[in-house]
Amino acid sequence: MNNYFVILAAGKSRRFHRNYKKQFHNYKNKEIIDHSVEKSLNSKLFNKILIVTDNLNYLKKKKYPKSITIIKGGKERSDSSLKALKYLKKFKPKNVLIHDAARPNFSIKLLKKIIKNLKTNKAVVPIMSPNDSIKYKIKNQIFNLKKNDSLLTQTPQAFRFNELYNLATKQKNHISDEATLFINQNYKIKFIKGEKQNNKITYFNDIEISKTYYGIGFDIHRLVKNKKLYLGGIEIPFHSGLDGHSDGDVILHAITDAILGATRRMDIGTYFPNNKKFKNIRSPKMLKPVIENLYKSNFSINNLDINLICEKPRVSKYRKNIINSISKLINLKKNLINLKGKTVEKLGLIGKEKAIACEVIISITKYD
Ligand code: ZN
C-alpha cells in the first residue's frame with residue numbers, strides 16, 4: 001500500500017450563498033468534509049490523508065487521527081492541488097487520489113475500484129454520462145455536443161504520483177480537475193463508471209431541497225343532548241352532539257393541532273381562545289386559516305392518519321363521507337387520508353357514549 005488521499009477543501013463556496021463555507025455545512029449528521037475524511041479513513045487504503053484548506057485553525061480543533069495532515073490551500077483549486085503534491089513528494093508516494101470535499105456521497109466501493117484499476121493504469125477517473133443535452137460555445141457560435149459521447153468527470157481522480165507531479169508543476173493555467181492535465185498531453189486515462197449519488201454540492205439547494213416534519217393532535221369533547229354532531233366537517237345523525245365553545249368537531253380540532261404542531265406554531269387554543277368572538281364557531285372556519293398558512297409557506301401534506309375513538313357512531317358507516325369532507329377542507333387527495341374507528345370496550349365516558357375523542361398524526365414537507 002502506497003496510496004495517498006488528498007481532500008481539497010479550500011473552495012470559497014461563492015455559489016453556496018451562506019455565511020459559512022459549504023464544506024462545513026451539516027449534512028446527514030456531519031459536516032460535508034467529514035464524509036470524505038471518514039470514508040477515506042475507514043477504507044484503510046491510504047498511508048496518509050491530506051486536507052487542503054483555508055480554515056487551518058478550525059479543522060485542527062477537530063483532533064483528527066494522526067494519519068490526517070492539514071495544510072493551507074492556494075488561491076484556486078489547481079493551486080491547492082499543486083501545494084498538496086509538493087507537500088507529499090517527500091513521502092515518495094506511488095499513487096495519489098485527488099478529491100473535492102464538495103462530493104460527500106462517494107462510496108468506499110468506488111475507492112476500491114479506483115485503486116484496483118490503478119494497478120494497470122497511470123490515471124483512473126470516474127465518469128458519468130450527462131442526462132441533459134449539452135451545447136458548446138466557441139466565441140459566439142453554439143455547437144451541439146453529442147450527448148452519448150460526452151463525459152462528466154467526478155472525483156476522486158487517481159494517478160501515479162510522479163506522472164501527475166511532473167504535469168502539475170509544469171502547468172501554468174488554472175484547471176478544474178487533474179484529468180485535464182493528462183488529456184492536454186494526450187496521456188491515456190482509464191475511465192471507470194462513477195456513481196450517480198457522487199454529485200458535487202454547489203448550491204445550497206443541492207442539499208436543502210426539502211425537509212419533512214410530523215405533528216400530532218388530540219382532542220376530546222363531551223356528548224350532550226340537543227346538539228348536532230359534527231365530525232370531519234359534516235353533520236352525522238346521532239342522539240347527541242359534541243359540547244364545547246365551538247361545534248366540538250374533535251376530528252377537525254385534532255387535525256388543526258397536528259398541523260400547528262408540525263409547523264411548530266403552538267396550539268389551537270392560542271388562535272381560537274374561548275371568548276365571545278369564537279362562540280359557536282364552526283370548526284372548518286378554524287381550520288381554514290391554518291391550512292392557508294401551511295400552503296402559503298411552501299409546505300405540502302404527505303399523509304394524514306386519524307383515530308376516531310368512540311363507541312358509536314360506527315365509523316365504517318360514515319368513513320367515506322368524512323374523508324371526502326376532510327379532503328376538500330384541506331385540499332388533500334382522498335387516498336392520502338386514513339380514518340380508523342376505535343371503540344373502548346364500553347369503558348369509561350367514551351364507552352358509555354358520553355364523549356368522543358380523536359387523535360391525528362400528520363406528515364408535511366417544506367420545499368424551499
Ligand atoms: Zn376541541
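Quick note: numbers below take in every heavy atom, side chains included, and nothing from hydrogens, waters or symmetry partners. For the single chain, residues carry numbers from 1 onward in sequence order. All ligand and atom numbering here is 1-based and tracks the order in the structure.
Under the 30°/60° scheme for interplanar angles, the aromatic rings of Phe182 and Tyr187 are found to stand perpendicular.
The neighbour count for Lys122 NZ, taken as heavy atoms of other residues, nucleotides or ligands under 6.0 Å away, does not exceed 12.
Centred on the Zn ion (ligand 1), the NE2 atom of His221 and the OD2 atom of Asp219 lie at an angle of 100°, reported to 10°.
Using a cut-off of 4.0 Å between Lys/Arg side-chain N and Asp/Glu carboxylate O, Asp305 and Lys340 are scored as salt-bridged. Between Lys12 and Asp54, at least one side-chain N (NZ, or NE/NH1/NH2) sits under 4.0 Å from a carboxylate O, which counts as a salt bridge.
Counting backbone and side-chain atoms alike, Asp249 contributes no N/O/S atom closer than 2.8 Å to the Zn ion (ligand 1).
Of all N/O/S atoms in His253, ND1 sits nearest the Zn ion (ligand 1).
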